[in-house]
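Below you'll find the structure, written out as structure tokens, and then a few comments.
All chains are named by letter (A, B, ...) in the order of the sequence lines, taking the proteins before the strands, and each is independently numbered beginning at 1. The structure displayed is predicted, hence computed values, not measured ones.
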2 protein chains.
Amino acid sequence: MDTETHRDDAAGRLRAAGLKVTAPRLAVLDAVSGHGHLDADAVLARVTGTLPGTSLQSIYNVLGALTDAGLLRRIEPAESPALYESRTGDNHHHVVCTRCHAVADVDCVVGEPPCLAPSDSAGFAIHTAEVTFWGLCADCQRELAG
Amino acid sequence: MDTETHRDDAAGRLRAAGLKVTAPRLAVLDAVSGHGHLDADAVLARVTGTLPGTSLQSIYNVLGALTDAGLLRRIEPAESPALYESRTGDNHHHVVCTRCHAVADVDCVVGEPPCLAPSDSAGFAIHTAEVTFWGLCADCQRELAG
DNA sequence: GCAGTTGTTTTGAGTGATTCAAAACAACTC
DNA sequence: GAGTTGTTTTGAATCACTCAAAACAACTGC
């Protein structure tokens, strides 16, 4: 294993994106990776564990930079603050719980292509289709049935 | 034409929804109807024309009440304040311009039903699918083409 | 028509999420 | 190891919206 070249780790991906490698960035990347959908406060809470003294403003700066660089994806469901996830590149969709606002990924819609093709695009040159499903998460279903 | 019964006008619809008929409500209903997608400020601007002295707070109250009553629909595209439209009942979708945030209706997606059926719903009991298309509106395409 | 009740609007203040700006600081370059 | 440039921090400000209490106006029943 080469020490410098063969790493698709966090530092390498930051460099590849033309960003300087800093402790807050590594910490944010680590905090978001594999932890679903986090808002800025939740990211700060996780980052504070490994890097105490980090400011919320820095979290916003870092999240913005990483999102612009394509290393994170930002979603903004109605009624929720912005959420960040590490799964980028595939344009997957989301299910949001109408009761507790939990969010889960939806791999893709059954009929895949149709969702990228509105019947009438009103003169818009469309490049993305974003699908948000709304429903009750498993926990809330159970609590309401209970 | 019966003066009281045969009207599906604004006052009648308010009463049918169990709401009192007030000047601000009629003005808001009128302001939103047939004027696309307006945020609270834009509604206030229109209402102020016919009903000067109306407060922004009242606009929020009214928009909330009318939305709860199903007389208006609220959408919240990422990066925009909440927008209100008068077209309710059909669950139509929207195209948003990534440059100027203009919004247009999209009657329905080509493959209709697939969009309501995610391949894996992560245990959620889904009741709505919301589709937002992102692209460049006609005006912005023209301006960028120069 | 008029008083009473209840829902609505106004006024004023407050909050949460996010952004702006300037100064202190730390990565990378040479 | 010094310089340059991009980052982070600190502190304040903004935007969209909500909360609460008091003033007010619609509908009800008489």
What's the closest nucleotide to the side chain of [X] if the choices are [options]?
{"X": "B/Ser58", "options": "C/dT18, C/dT10, D/dT7", "result": "C/dT10"}
{"X": "B/Ser55", "options": "C/dT19, C/dT8, C/dT11", "result": "C/dT11"}
{"X": "A/Val62", "options": "D/dT8, D/dA16, C/dT9", "result": "D/dT8"}
{"X": "A/Arg25", "options": "C/dT9, D/dC27, D/dT7", "result": "D/dT7"}
{"X": "A/Asn61", "options": "D/dT9, D/dT7, C/dT9", "result": "D/dT9"}
{"X": "A/Lys20", "options": "D/dT8, C/dT9, D/dG6", "result": "D/dG6"}

Under-4.0 Å side-chain N/O to phosphate OP1/OP2 contact, B/Thr54 with C/dT9: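 Answer is no, no contact under 4.0 Å.
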Candidate pair B/His35 and B/His37, rule ring-ring contact (aromatic ring centres under 6.0 Å, His included), full reasoning: CA-CA 6 Å; B/His35 291 291; B/His37 308 82; over 10 Å; no
Side-chain H-bond candidate by donor/acceptor type, A/His94 with A/Glu130, under 3.5 Å: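 No, no side-chain donor-acceptor contact under 3.5 Å.
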B/Pro81 vs A/Ile59, nearer the 5' end of DNA chain D by closest nucleotide: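 Checking each residue's closest nucleotide, the 5'-ward one belongs to A/Ile59.
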What's [X] touching, base or sugar-phosphate or nothing? Going by heavy atoms closer than 4.0 Å.
{"X": "A/Ala82", "answer": "sugar-phosphate"}
{"X": "B/Ala65", "answer": "nothing"}
{"X": "B/Leu56", "answer": "nothing"}

Using whole Å, what does the distance between atom [atom2] of nucleotide [N] and atom [atom1] of [X] come to?
{"X": "A/Tyr60", "N": "D/dA13", "atom1": "OH", "atom2": "P", "answer": "19 Å"}
{"X": "B/Leu63", "N": "C/dT8", "atom1": "CG", "atom2": "P", "answer": "14 Å"}
{"X": "B/Leu44", "N": "D/dC17", "atom1": "CG", "atom2": "C1'", "answer": "14 Å"}
{"X": "B/Leu14", "N": "D/dA25", "atom1": "CG", "atom2": "P", "answer": "18 Å"}
{"X": "B/Leu51", "N": "C/dT8", "atom1": "CG", "atom2": "P", "answer": "16 Å"}
{"X": "A/Leu83", "N": "C/dT18", "atom1": "CG", "atom2": "P", "answer": "9 Å"}
{"X": "B/Leu66", "N": "C/dG7", "atom1": "CG", "atom2": "P", "answer": "17 Å"}
{"X": "A/Asp68", "N": "C/dT18", "atom1": "CG", "atom2": "P", "answer": "15 Å"}

Distance-only donor-acceptor test, B/Gln57 side-chain atoms vs D/dC19 base atoms, 3.5 Å: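 In this structure, the two groups form a donor-acceptor pair.
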Which donor-acceptor pairs under 3.5 Å do the side chains of residues 18-25 of chain B make with protein atoms, sequence neighbours left out?
from: B/Thr22; atom 1: OG1; to: B/Arg25; atom 2: N; distance (Å): 3.4
from: B/Arg25; atom 1: NH1; to: B/Lys20; atom 2: O; distance (Å): 3.0

Transitive ILVMFWY side-chain link B/Tyr84 to B/Leu51, under 4.5 Å: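 Yes, B/Tyr84 connects to B/Leu51 through the hydrophobic network.
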Atom pair SG (A/Cys97) and CD (A/Gln141), whose distance is rounded to the nearest 0.5 Å: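 The distance works out to 8.5 Å.
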